[in-house]
Amino acid sequence: MKAFTKSLQENIQLIQEDVNDKITDVTISLFRKVVNKSPSWFIFNSEYSEGWLINQWYPSVKSASKAIDSAKSDYGRDSLERIDQLKDTNFFLKKDNSIYLSNNVPYGQYAEVLGWQPSDNPRWRGHAPYAMMELSLIEKKAELG
């Protein structure tokens with residue numbers, strides 16, 4: 001009976017690790033989509049993009065990140081590196097957990113939801129929202145079926 005119990009525990013562990021890996025892969029893919037849909041001169045030829053918003057995405061577990069720095073990149077290099085660090089983690093092993101992707105750039109809400117209204121910075125007048133999070137979620141949901 002001990003051998004059966006041990007075998008069962010090992011199988012459970014393997015299944016939990018597999019589920020963790022799959023959830024982590026989906027999360028990384030989703031987060032990378034958000035970065036890749038963020039305004040950037042290189043990606044969208046966004047005339048006024050300074051490479052700040054795209055480079056300020058921070059993944060975190062259990063609570064949203066409040067991090068922000070001054071690093072800029074038209075490719076979101078730092079954001080993608082932070083997201084890729086999620087690989088080979090066990091955030092979802094044997095427990096429920098919450099994972100966040102935060103961007104604390106002050107104009108993030110304009111980029112995602114509101115767009116830039118005439119009363120805002122004249123450089124950005126008339127720009128519609130990029131909706132990078134919304135579009136990424138819709139796309140990922142379609143991929144997963």
Side-chain angles (χ1 to χ4, degrees), residues 6-145:
K6 183 178 179 182
S7 172
L8 189 59
Q9 289 172 335
E10 289 171 356
N11 285 335
I12 290 171
Q13 180 69 25
L14 289 173
I15 290 169
Q16 288 174 330
E17 289 172 3
D18 186 50
V19 168
N20 176 77
D21 292 347
K22 287 179 180 172
I23 293 172
T24 301
D25 289 346
V26 167
T27 301
I28 290 170
S29 172
L30 172 63
F31 287 2
R32 288 182 67 86
K33 284 179 184 296
V34 172
V35 173
N36 291 330
K37 291 183 184 316
S38 295
S40 156
W41 179 86
F42 176 75
I43 296 171
F44 287 108
N45 197 21
S46 298
E47 181 180 356
Y48 303 111
S49 175
E50 300 171 342
W52 193 37
L53 184 134
I54 194 173
N55 208 43
Q56 295 300 309
W57 290 104
Y58 290 86
S60 57
V61 176
K62 295 184 183 171
S63 64
S65 172
K66 294 180 179 163
I68 189 168
D69 64 30
S70 60
K72 296 178 181 179
S73 164
D74 280 324
Y75 304 93
R77 182 187 68 244
D78 295 344
S79 295
L80 294 171
E81 285 178 9
R82 286 187 287 270
I83 291 165
D84 287 345
Q85 290 174 3
L86 297 173
K87 191 74 176 154
D88 300 323
T89 58
N90 61 358
F91 296 131
F92 302 106
L93 190 60
K94 298 183 185 179
K95 59 186 175 272
D96 288 334
N97 222 333
S98 298
I99 191 158
Y100 296 81
L101 184 64
S102 306
N103 193 315
N104 296 304
V105 170
Y107 54 84
Q109 184 178 8
Y110 293 110
E112 176 64 30
V113 180
L114 302 174
W116 283 267
Q117 305 304 315
S119 62
D120 295 319
N121 187 329
R123 289 179 40 194
W124 298 325
R125 282 189 186 152
H127 285 256
Y130 288 88
M132 54 272 180
M133 294 183 80
E134 178 183 5
L135 294 174
S136 296
L137 285 166
I138 291 168
E139 189 177 301
K140 193 63 185 172
K141 182 178 178 184
E143 287 174 11
L144 296 172

Nearest 0.5 Å please: distance from the [atom1] atom of [X] over to the [atom2] atom of [Y].
| X | Y | atom1 | atom2 | result |
| --- | --- | --- | --- | --- |
| Ile54 | Arg77 | CD1 | CZ | 11.5 Å |
| Gln56 | Ser70 | CD | OG | 7.5 Å |
| Thr89 | Ile99 | OG1 | CD1 | 6.5 Å |
| Asp18 | Gln16 | CG | CD | 11.0 Å |

For the residue pair [X] and [Y], establish whether any side-chain heavy-atom pair is separated by less than 4.5 Å.
| X | Y | value |
| --- | --- | --- |
| Ser136 | Leu30 | yes |
| Phe91 | Leu86 | yes |
| Ile68 | Trp52 | yes |
| Leu101 | Ile83 | yes |
| Leu80 | Arg32 | yes |

Can you name the residues that form a salt bridge (charged side-chain N to carboxylate O under 4.0 Å, His left out) with [X], not counting sequence neighbours?
| X | value |
| --- | --- |
| Arg82 | none |
| Glu143 | Lys33, Lys140 |
| Asp21 | none |

Val35 and Ser79: which non-hydrogen atoms are nearest, and at how many Å?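 Taking Val35 first and Ser79 second, the nearest heavy atoms are CG2-CB, 3.8 Å.
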Contacts of [X] that satisfy side chain to side chain contact (heavy atoms under 4.5 Å, CB included) - sequence neighbours left out:
| X | answer |
| --- | --- |
| Glu17 | Gln13, Leu14, Leu93 |
| Gln109 | Leu114 |
| Met132 | Val34, Lys37, Ser38, Pro39, Leu53, Trp57, Ala111, Glu112, Tyr130 |
| Ile138 | Glu134 |

Residues which pass side chain to side chain donor-acceptor pair (under 3.5 Å) with [X], listed by chain and number, not counting sequence neighbours:
| X | answer |
| --- | --- |
| Asp25 | Lys87 |
| Asn20 | none |
| Asn55 | Asp78 |
| Asp88 | none |

Between Asp74 and Ser40 (side chain of the first, backbone of the second, donor and acceptor by atom type, cut-off under 3.5 Å), is there such a pair?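 No, because the side chain of Asp74 does not come within donor-acceptor range (under 3.5 Å) of the backbone of Ser40.
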Among Val19, Val61, Thr27, find the residue that satisfies the side-chain contact (heavy atoms from CB on, under 4.5 Å) test when tested with Phe92.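 Only match with Phe92 under side-chain contact (heavy atoms from CB on, under 4.5 Å): Thr27.
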Exactly one of Pro59, Ser65, Ser60 should register a side-chain contact (heavy atoms from CB on, under 4.5 Å) with Tyr100. Which one does?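 Only match with Tyr100 under side-chain contact (heavy atoms from CB on, under 4.5 Å): Ser60.
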